[in-house]
J.: 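Dropping the structure in here first, questions after.
In this chain, residues are counted from 1 in sequence order. Atoms within each ligand, like the ligands themselves, are counted from 1 in listed order.
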Amino acid sequence: MTLSRGEFILILVTSTSCPKERIEVLLMVRKKPIFIFVSGGVISGLGKGITTASIALLLQAAGFKVTVMKSDMYLNVDAGNMNPLEHGEVFVTEDGVETDQDLGHYERFLGKNLGRENYLTAGKVYLEVIEKERRLDYNGRSIDAYFDVPLQIISHWEKLKRGNDFVLIEMGGTVGEYQNILFFEAARRLKIKYPQQVFFVHVVYLPIPPSLGEIKSKPAQQSITTLNTLGIHPDFVVCRAEKEVDKRRREKIALAAALPVERIFSAPDAETIYEVPLILKKQGFDRTLLRVVGKKLRKRDLKEWKRQLARRAQAKEKIKIGIVGKYYRSGDFSLEDSYVSVVEAIKHASWFFKRKPEIIWIDSEQLERGNREEELLGEIEGMIVPGGFGSRGVEGKIRAIRWARERQVPYLGLCYGMQLATVEFARHVLGWKKANTTEIDEKTPYPVIHLMPEQEKKLLNRDYGGTMRLGGWRCWVRRGTKTAAVYSRFAGVKGRRMVITERHRHRYEFNNRFRQKLEKAGLRVAGTTLDNRIVEVVELENHPFFVGVQFHPEFKSRFLAPHPLFLGLIEAAIKRRKNDSFR
Ligand code: GLN
């Protein structure tokens, strides 16, 4: 049921012992959504996103309608123009917003699509405030960052109330950072506005310095003090540490936070992020939270979740999947951050088949230096070339794709991985040696991948932000193809005309001028837009599993619903190993 502010639920009670006319209105209840802010202290990268996703899952499993937002503090309007090496993966929502990778975690945990309203940045807020000023929306008064910016932030948060019992808001960054202040101020004011409906979870880190070998709680205590100076008192504290945080330490934290020790939780490193909800649940996090916010548990529904975790635990046999990419030279961010959705999608699909995925990172630039395929690719059982931009490492990726095609290694190309598979096929099967994407070579005689017509102007005007072909688009999958087979077997897609929806983020596309020749030579078009204009999926006829997709299926793989294309890849890799052992 969806209720907005000012709406009421009427509970009508009839009784057989009462005359029919005596239907009574017993109760009028106003639905009050609860806001939960999740902030972080001590260090960045401590798993605040996973904690937020875990709390959201526990509440959803308890029978509540939950939504989650990430509020990021940087001045970028969205994540679209950010370098994955610096910021990690850019996650694309169904409605086409380029967001922070934490939204991916929320979707994978909750098993539902989020959108535009679930992601906010300081840049977006500032832009809106300035635009409002230009439109005279402030009636000529002077605009003040301290006063007006939090109001604008709150207006976004309030939108999320509609139809939800819980609104979780993850605050980007770490408490005490200069750029955070106006967001925390907004949260403080929301608490003043709804004293009974706003709660704070603070996630802290407790280090174990190697020279001491014991858990230290002082930095965590200090970060709680910092939060206090912003006028915010945490209602719960989650203690991240390499190990279990013992009662004595939790008592110290409780003292610093002026909370009973039952509200301090321990979140040690877990084998997998999907265990975190259960780690919190075991300590009674959901029960305590519901009691504190004044709600009653409606149901318990984590059975499927536990079943999938059990599958993972049973997975002993390894499957080696190679990811050939270039976002590997890393400063603060690990390799996995640039491709987090791809990595998670591989895990979901592998666990489904009770296999333990071993991801082999292959730096495409290394492949470019001579004939190193055997050495670098020899052991992999399935290959993925994920999305990418620009020329660095491209020739290495093409070498890898050739290897997969010729050696019958199961292959899944994601976006750039589909485009480069087309280039590889054109060069080495059709003999069009100089075939390329015009992203790399504008003058190629065989531009098998070229700029989408509507993109030309945007690039000329340097109009880069949020202007790619973005978000969910429908795709018509051709019957009789491998792609159709996996979607129908694993996702139950049916109908005379099979239609799927997948998420996009690109400026270039398959060039229809070469479609006939490529198809004739064996690169089958397995999916297009509904009007047949844009090629969305290509696959090889004479290969166990070689599929290139113009979209990003990794964004739609969930812990409880692995993506059919990834299942197809893993299944083919398993089969290949079996066949190998007979040789
Ligand atoms: N660079 C390619 C394009 O813009 C592919 C993008 C991607 O892989 N996401 O079309």
J.: Could you tell me whether E365 and K326 make a salt bridge, using a distance below 4.0 angstrom between a side-chain N and a carboxylate O?
T.: no
J.: From atom 1 (N) of ligand 1, work out which of Q455, E439, R507 has a heavy atom at the shortest distance.
T.: E439
J.: Does K347 pair with E344 as a salt bridge, N-O distance under 4.0 Å?
T.: yes
J.: In terms of side-chain geometry, is the basic nitrogen of E117 or K159 positioned less than 4.0 Å from the acidic oxygen of its partner?
T.: no
J.: Any N or O of H506 that comes nearer than 3.5 Å to an N or O of ligand 1?
T.: no
J.: Compute the shortest N/O to N/O distance between G388 and ligand 1 and return yes if it is under 3.5 Å, no if not.
T.: yes
J.: Could you tell me, atom by atom, which parts of ligand 1 come under 4.0 Å of a heavy atom of H552?
T.: 9 (N)
J.: Side chains of E502 and H563: is there a donor and an acceptor less than 3.5 Å apart?
T.: yes
J.: Which residue owns the protein heavy atom closest to atom 7 (C) of ligand 1, what's the atom, and how far is it?
T.: C415 SG, 3.0 Å
J.: Under 4.0 Å from a heavy atom of F389: give me the atoms of ligand 1 that qualify, with their elements.
T.: 1 (N), 4 (O), 6 (C), 7 (C), 9 (N)
J.: What's the shortest distance from atom 10 (O) of ligand 1 to any protein heavy atom, and which residue and atom give it?
T.: Y508 N, 2.9 Å
J.: What are the atoms of ligand 1, with element, lying closer than 4.0 Å to any heavy atom of R505?
T.: 6 (C), 7 (C), 9 (N)
J.: Using a strict threshold of under 4.0 Å (side-chain N to carboxylate O), is an ion pair present between K556 and E94?
T.: yes
J.: Assess whether ring-ring contact (aromatic ring centres under 6.0 Å, His included) is satisfied between F109 and W305, documenting all intermediate values.
T.: CA-CA 9 Å; F109 274 61; W305 196 269; 5.4 Å; yes
